[in-house]
*Asks:* 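One structure, as structure tokens, below. Some questions next.
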Number of protein chains: 2
Amino acid sequence: MAHPRKTPDPVDLPQRARLTPQRLAVVEAIRRGPRSFTVAELYDRARRQEPKLGLATVYRTLELLRRTDAIRPLAGSPRAEYVRCSPGHHHHLICLSCGTVEETELCAAPSDAELRRRHGFAPESHELDVYGTCAECRAA
Amino acid sequence: MAHPRKTPDPVDLPQRARLTPQRLAVVEAIRRGPRSFTVAELYDRARRQEPKLGLATVYRTLELLRRTDAIRPLAGSPRAEYVRCSPGHHHHLICLSCGTVEETELCAAPSDAELRRRHGFAPESHELDVYGTCAECRAA
DNA sequence: ACTGATACTGATAATCACTCTCAGTTACGG
DNA sequence: CCGTAACTGAGAGTGATTATCAGTATCAGT
Ligand SMILES: [Mn+2]
Ligand SMILES: [Mn+2]
Ligand SMILES: [Zn+2]
Ligand SMILES: [Zn+2]
């Protein structure tokens with residue numbers, strides 16, 4: 001049994017995240033780069049600003065950003081890809097031809113009531129990805 | 001430059017998939033087991049029927065089954081999990097509490113017309129996963 | 001029933017994506 | 001300033017998946 005606690009509950013976030021040059025470099029590299037990226041690509045770009053940057057720090061920073069919904073792991077695809085995300089509820093349009101990811105606010109998930117009635121399921125969140133051909137690739 | 005070809009186009013599927021005892025063992029293990037499973041679990045179960053089965057063959061068979069939509073890699077989660085799927089269009093209700101995956105035919109993706117009008121995007125397919133609490137876990 | 005082309009197999013090495021460890025460093029509230 | 005908890009990089013470690021390759025088995029065509 002663990003020692004009893006006074007503080008509410010052990011949240012596994014640090015009490016306060018520090019602003020370090022390494023984290024800034026990673027965040028900047030994400031801001032400047034394309035919407036979707038692999039960790040290796042990001043690492044390379046971030047190192048241009050912070051050459052001594054370690055790969056572990058990149059992963060640690062990605063985890064922080066994921067918790068604030070600033071990025072999202074890209075589901076489909078051959079694993080190991082992230083997408084920079086705008087705040088707010090949205091979904092992704094993924095081009096099968098060029099790979100670009102576009103955000104859309106269009107959302108038509110099954111209603112909570114329907115899910116509860118038909119399946120006894122209480123939904124909390126959902127993820128929708130649409131695959132197809134983007135405007136640019138359709139033109140070409 | 002490659003040698004010119006007479007056959008239509010080099011599809012990357014074999015001309016004809018062979019029915020081997022190893023593949024049967026893997027398929028049987030999937031049929032009999034729970035809807036979602038890891039590769040390691042599947043490997044163990046399939047080996048009870050085909051003890052000399054190699055792990056590589058399991059992966060190769062999973063890939064074949066994925067191409068026919070008989071299984072689907074489970075998006076969320078720490079990778080390395082598959083779900084046995086019924087034929088036909090459907091989506092997944094994933095319980096955050098017990099991890100079970102339930103299928104639903106409920107589907108309300110944005111319409112093709114709306115996607116085209118608002119984003120110039122021509123959808124071909126989509127994937128929807130709903131996270132929440134299943135009936136059983138709600139009861140408990 | 002043969003048989004040959006080629007799909008398939010298991011063992012094992014190799015790769016990949018990520019995580020852990022730890023000793024030294026740094027940000028920052030007080 | 002200072003103290004301390006958070007953070008860092010290097011590199012070892014891990015677990016999952018893929019590649020290699022020499023031997024084997026399936027099955028379409030006879
Ligand atoms: Mn939505
Ligand atoms: Mn659907
Ligand atoms: Zn495109
Ligand atoms: Zn449940």
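Keep in mind it's a predicted model, so treat the numbers as computed, not measured. Within every chain, numbering begins at 1; the chains are lettered A, B, ... in the order of the sequence lines, protein sequences first and strands thereafter.
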*Asks:* If you take all heavy atoms of Y82(B) and L62(B), which pair is closest and at what distance?
*Replies:*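 So the two residues come closest at CE1-CD1, 3.9 Å.
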*Asks:* Angle between the end axes of the helix from dA1(C)-dT30(D) to dG30(C)-dC1(D), five pairs per end, to the nearest 10 degrees?
*Replies:*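 End axes: 50° apart.
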*Asks:* Looking at E103(A) and R35(A), is any side-chain nitrogen of the basic one under 4.0 Å from a carboxylate oxygen of the acidic one?
*Replies:*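 Yes, this pair counts.
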*Asks:* For a side chain to side chain contact (heavy atoms under 4.5 Å, CB included) with L128(A), tell me which candidate from H91(B), E127(B), H126(B) qualifies.
*Replies:*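 For L128(A), the side chain to side chain contact (heavy atoms under 4.5 Å, CB included) test succeeds with only one of H91(B), E127(B), H126(B), which is H126(B).
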*Asks:* In whole Å, I'd like the distance from the CG atom of L64(B) to the P atom of dC8(C).
*Replies:*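 To the nearest whole Å, that distance equals 7 Å.
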*Asks:* Might you point out which heavy atoms bring C95(B) and T133(B) nearest each other, and give the distance in Å?
*Replies:*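 Distance-wise, the nearest heavy atoms are SG-CA, 4.1 Å.
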*Asks:* Counting only non-hydrogen atoms, which of residues 44-62 of chain B are less than 4.0 Å from DNA chain D?
*Replies:*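 Contacting residues: L55(B), A56(B), Y59(B), R60(B).
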*Asks:* Extract all donor-acceptor atom pairs below 3.5 Å that involve side chains of residues 25-33 of chain A and protein atoms in other chains or at least two apart in sequence.
*Replies:*
residue, atom, partner, partner atom, Å
E28(A), OE1, R32(A), NH1, 3.2

*Asks:* Does R16(B) put a side-chain nitrogen or oxygen below 4.0 Å from OP1 or OP2 of dT26(D)?
*Replies:*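 No, outside the criterion.
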*Asks:* Nearest whole Å is fine: how far is dC8(C) C1' from L24(B) CG?
*Replies:*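 From L24(B) CG to dC8(C) C1': 14 Å.
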*Asks:* OP1 or OP2 of dT9(C) sitting under 4.0 Å from any side-chain N/O of T20(B)?
*Replies:*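 Answer yes for this pair, as a side-chain N or O of T20(B) is under 4.0 Å from OP1 or OP2.
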*Asks:* Please report the distance, rounded to the nearest Å, between OH in Y43(B) and P in dA11(C).
*Replies:*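 Those two atoms, OH and P, are 7 Å apart.
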*Asks:* Measure from CD on E63(A) to P on dC7(D) and round the result to the nearest Å.
*Replies:*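 That distance rounds to 13 Å.
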*Asks:* Give a yes/no on whether any side-chain N or O of R23(A) is located under 4.0 angstrom from OP1 or OP2 of dA27(C).
*Replies:*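 No, no such contact exists.
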*Asks:* R18(B) side chain: which of dC7(D), dT26(D), dT9(C) is closest?
*Replies:*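 Within the option list, the nearest is dT26(D).
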*Asks:* Would you say that R45(B) contacts F37(B) through its side chain, given a criterion of any heavy-atom pair below 4.5 Å between the two side chains?
*Replies:*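 Yes, at least one pair of side-chain atoms sits under 4.5 Å.
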*Asks:* Which word best sums up how the rings of H92(A) and H90(A) line up, parallel for under 30°, tilted for 30 to 60°, or perpendicular for over 60°?
*Replies:*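 The arrangement is tilted - the two ring planes meet at 30° to 60°.
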*Asks:* Please report the interatomic distance SG(C85(B)) to CG(D69(B)), rounded to the nearest 0.5 Å.
*Replies:*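 These two atoms lie 7.5 Å from each other.
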*Asks:* What I want to find out is whether E114(B) reaches R117(B) closely enough, with some N-O distance under 4.0 Å, to be called a salt bridge.
*Replies:*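 Judged by the 4.0 Å cut-off on N to carboxylate O distance, E114(B) and R117(B) do form a salt bridge.
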